[in-house]
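What you see is a predicted model; the values in this text were computed from it and never measured.
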Amino acid sequence: MILKSKTYLYLTEFFAGMSVMAVELGASRLLAPYFSSSQIVWTIIIGTIMIAMALGNIYGGRAADKNPNPDKLYRRMVVAAVWIAAIPVAGKYVIIGISALLIFSVSSNFLIVAAFAACMIIFVFPLFLLGTVTPSLVKYTVDSLDDSGKTAGALNAFNTVGSIIGTFVPTFITIPSVGTSATFLIFAGILLLLALIYLISAKTKSKGAAAGVVLFILCCFFGMSDSFAFWETDLAYEGESAYNYLQVKENENDVILSTNVLFGVQSILKKEEGLTGMYYDYALAAPLMAGAYEKEKQDALVLGMGTGTFAMQCRRYFGNVKVEGVEIDGKITKLAREYFELPDDIPVATYDGRAYLNAVDRKYDVIMVDAFQDITIPFQMSTVEFFTMVKEHLNEDGVMVVNFNMHGQDEGDINQYLADTISAVFGQVYTIDVAGNTNRALYAFDSGKTLDAFRSNIAEIRDADLAALMRKISAEMERYDAGGYIMTDDKAPVELLGMQIIDKLIQKEMQYYKGIYEREGIQGLLNSV
């Protein structure tokens, strides 16, 4: 029998540990397009998985004491394998369904509640079943109390090594190369194969195992789609990188990049030359503040390059501005070259923005910080220490421009924290809300001549649309009155603060649909959507 040498039990422990971690990492990628990839979502994933594993440990130990028959463990593994294989088929529909139901009943903390509910429904049951593996195997492998500690330690070591490999393989191999759906199917297939080898060698008759094979094959057939936005039929590109879910959508006027969420615009290419109608236009005030028309050459750095929208706008309107970018996701840079016409002579370093500043000693006339996406604000790029580093890389008359993705009007919200933190570093800070969307632009500098330079440079603009916008910015931007909300490397609760604003935006947007639902019911709501 295959279990006589106990080697197979250790292999089972190894691959079970590997699969748990693979599912955990796959869970983050499955949820990211709908709920973001923030630390909050990661906390929910880890918490629910730990709940599942704890309950599985309890049940597995009791079940093994009551009936020490490995057949039941491997049958449970068949069920877990089929469930995991079904996640690529049904998971995204479950998430959309849960969100649709909760958005009408949850008045606050929608993202937390929806993400937690999705995790509980999709991931708890299969991981509960995998949680039964370790206590069951301890029961089957321990021969006497004399070697119980040694045996349990060996099993845990195999589980840990498997978990380590299960952490690296999805992140660096399967998800970037074949996608999240295939990753779920690969590890589900490993679990199913383990169970089948045992059941066949033990000559255990199991109709459930045969049904499991059929269901797994069906899941492979229907679950190989890498589309998260399954209602979209005209995407130019949809895929994943080591960092992001990526979506490129093209219409007759624009090419648009969205990352990690199925709505919003992270970068845009206007097919007709001109202003974008977005915050990139407002950021063009920064080169003017730094004397774009007064200097023979300007150097600009973009932290969070995306597909290079700001860089190409600078090139279009200010021929003397030399822009270089930093983008942590190399896949985005490849998409920029392929879909967004980013020229090869605009250099982009594949690096974290703060780490890049640490590594270079150059100074710039303009530094744009555009690394904030919804609630996934990198805390290391939101602190006094970071903005001090930015200031040290600016020339004496240099300007930092920051894009805030969300308007915020309340005391102690994320925008006030960021603006107060920046004000603790720079002598002068001005802000303006971007017309037509939820973005806000912030300009920070120390030179007392910056605003005079801005006004005099506006007079030199030949493009009528740009000149009109710059005059609007000059007239409407407001000097920021700083408070005491300062973020440091030690304390920067950016995601909780960002989530509060996202929550309010969701509530505001859904009032319209709630009204339709109350007046016309579900059919009216479906018709409106």
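Around CD of Glu294, the count of heavy atoms belonging to other residues, nucleotides or ligands within 6.0 Å exceeds 12. More than 12 heavy atoms of other residues, nucleotides or ligands sit less than 6.0 Å from atom CG of Asn251. Atom NZ of Lys334 is surrounded by 12 or fewer heavy atoms from other residues, nucleotides or ligands within 6.0 Å. Atom CZ of Phe168 sits in a sparse spot, with 12 or fewer heavy atoms from other residues, nucleotides or ligands closer than 6.0 Å.
Judged by distance alone, the side chain of Glu478 and the main-chain N or O of Tyr430 form no donor-acceptor pair under 3.5 Å. Here the side chain of Thr309 pairs a donor or acceptor atom with the backbone of Ile268 at under 3.5 angstrom. Between the side chain of Thr421 and the backbone N or O of Met487 there is at least one donor-acceptor pair closer than 3.5 Å. Side-chain N or O atoms of Arg440 include none that pairs as donor or acceptor with a backbone N or O of Val434 at under 3.5 Å. In this structure, Gln416 contributes its side chain and Gly483 its backbone to no donor-acceptor pair below 3.5 Å. Counting only distance, with no hydrogens or angles, the side chain of His393 and the backbone of Leu357 share a donor-acceptor pair below 3.5 Å. When atom types are taken as modelled, the side chain of Asp352 and the backbone of Ala355 share a donor-acceptor pair closer than 3.5 angstrom. A donor-acceptor distance shorter than 3.5 angstrom exists from the side chain of Glu385 to the backbone of Asp489, with no hydrogens or angles considered.
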Hey, mind stepping through Arg479 and Asp481 against salt bridge (Lys or Arg N to Asp or Glu O under 4.0 Å) and telling me if it holds?
-> CA-CA 6 Å; Arg479 178 78 179 260; Asp481 185 16; over 6 Å; no
Which is it for Phe426 and Met400 under the side chain to side chain contact (heavy atoms under 4.5 Å, CB included) test, yes or no, and what are the steps along the way?
-> CA-CA 9 Å; Phe426 288 87; Met400 177 183 73; 3.7 Å; yes
Yes or no on side chain to side chain contact (heavy atoms under 4.5 Å, CB included) for Ser474 and Ile458, after CA distance, side-chain angles and deciding distance?
-> CA-CA 9 Å; Ser474 179; Ile458 290 175; 4.0 Å; yes
Could you walk me through whether Lys322 and Asp345 pass salt bridge (Lys or Arg N to Asp or Glu O under 4.0 Å), step by step?
-> CA-CA 10 Å; Lys322 181 181 178 182; Asp345 62 347; over 6 Å; no
Decide yes or no on side chain to side chain contact (heavy atoms under 4.5 Å, CB included) for Leu469 and Tyr282, but give the supporting numbers first.
-> CA-CA 8 Å; Leu469 177 61; Tyr282 286 66; 3.9 Å; yes
Verify side chain to side chain contact (heavy atoms under 4.5 Å, CB included) between Leu442 and Val401, making sure each step is shown before the conclusion.
-> CA-CA 6 Å; Leu442 178 146; Val401 56; over 6 Å; no
Take Asp446 and Lys391 through the test salt bridge (Lys or Arg N to Asp or Glu O under 4.0 Å) and record every step on the way to the result.
-> CA-CA 9 Å; Asp446 281 327; Lys391 181 178 177 179; 2.9 Å; yes
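You'll find the side chain of Asp365 reaches within 4.5 Å of the side chain of Lys295, heavy atoms only. Residues Asp397 and Phe445 form no side-chain contact, since every pair of their non-hydrogen atoms from C-beta on lies 4.5 Å or further apart. Between Pro343 and Met312 there is a side-chain heavy-atom pair separated by less than 4.5 Å. Taking 4.5 Å as the limit, some side-chain heavy atom of Ser241 sits within range of a side-chain heavy atom of Leu246. Counting heavy atoms from C-beta on, the side chains of Met368 and Leu301 never come closer than 4.5 Å. At a threshold of 4.5 Å between non-hydrogen side-chain atoms, the residues Arg29 and Ile175 count as touching. Residues Phe454 and Met477 have side chains in contact (heavy-atom distance under 4.5 Å, counting atoms from C-beta outward). Asn439 is listed as a side-chain neighbour of Asn403, based on a closest heavy-atom distance under 4.5 Å.
Put simply, CZ on Phe386 and OG1 on Thr383 are 8.0 Å apart, with the number rounded to the nearest 0.5 Å. Taken from CG in Asp433 to OH in Tyr279, the straight-line distance is 15.0 Å, to the nearest 0.5 Å. How far OG of Ser267 is from CD1 of Ile256: 10.5 Å, rounded to the nearest 0.5 Å. Separating the CD1 atom in Ile473 from the CD1 atom in Ile432 is a distance of 5.5 Å, to the nearest 0.5 Å. Distance check, rounded to the nearest 0.5 Å: CZ of Arg354 to CD1 of Ile328 gives 13.5 Å. A distance of 9.5 Å separates CG in Leu25 from OG1 in Thr183, rounded to the nearest 0.5 Å.
The aromatic rings of Tyr356 and Tyr351 lie perpendicular to each other, with more than 60° between the two planes, well past the 30° mark.
Between Leu342 and Gly308, the shortest heavy-atom distance links the atoms CD1-CA, 4.0 Å. The nearest pair of heavy atoms linking Ala424 to Ile486 is CB-CD1, 4.0 Å. Between Leu288 and Asn457, the shortest heavy-atom distance links the atoms O-ND2, 3.5 Å. Pairing each heavy atom of Gly306 with each of Glu327, the nearest pair is N-OE1, 2.9 Å. Closest of all the heavy-atom pairs between Gln298 and Ala292 is NE2-N, 3.2 Å. The two residues Tyr443 and Met289 have their closest heavy-atom pair at CG-CE, 3.7 Å.
A donor-acceptor contact closer than 3.5 angstrom is absent between the side chains of Asn320 and Glu296. Checking Tyr480 against Asp420 by side-chain atom types alone, a donor-acceptor pair falls below 3.5 Å. A donor-acceptor contact closer than 3.5 angstrom is absent between the side chains of Ser447 and Gln428. Between Tyr364 and Glu324, the side chains place a donor N or O and an acceptor N or O closer than 3.5 Å (distance only, hydrogens not considered).
With respect to Asp254 and Lys249, no salt bridge is recorded, no charged nitrogen being found less than 4.0 Å from a carboxylate O. Between Lys449 and Glu396, no side-chain nitrogen of the basic residue sits less than 4.0 Å from a carboxylate oxygen of the acidic one, so the salt-bridge criterion is not met. Salt-bridge annotation for Lys270 and Asp281: absent, with no side-chain N of the basic residue lying under 4.0 Å from a carboxylate O of the acidic one.
Listed by chain and number, the residues in a ring-ring contact (aromatic ring centres under 6.0 Å, His included) with Tyr293 are Phe318 (sequence neighbours excluded).
Each of Leu235, Ile332, Thr307, Leu335 was checked for a side-chain contact (heavy atoms from CB on, under 4.5 Å) with Val248, and the lone residue meeting it is Leu335.
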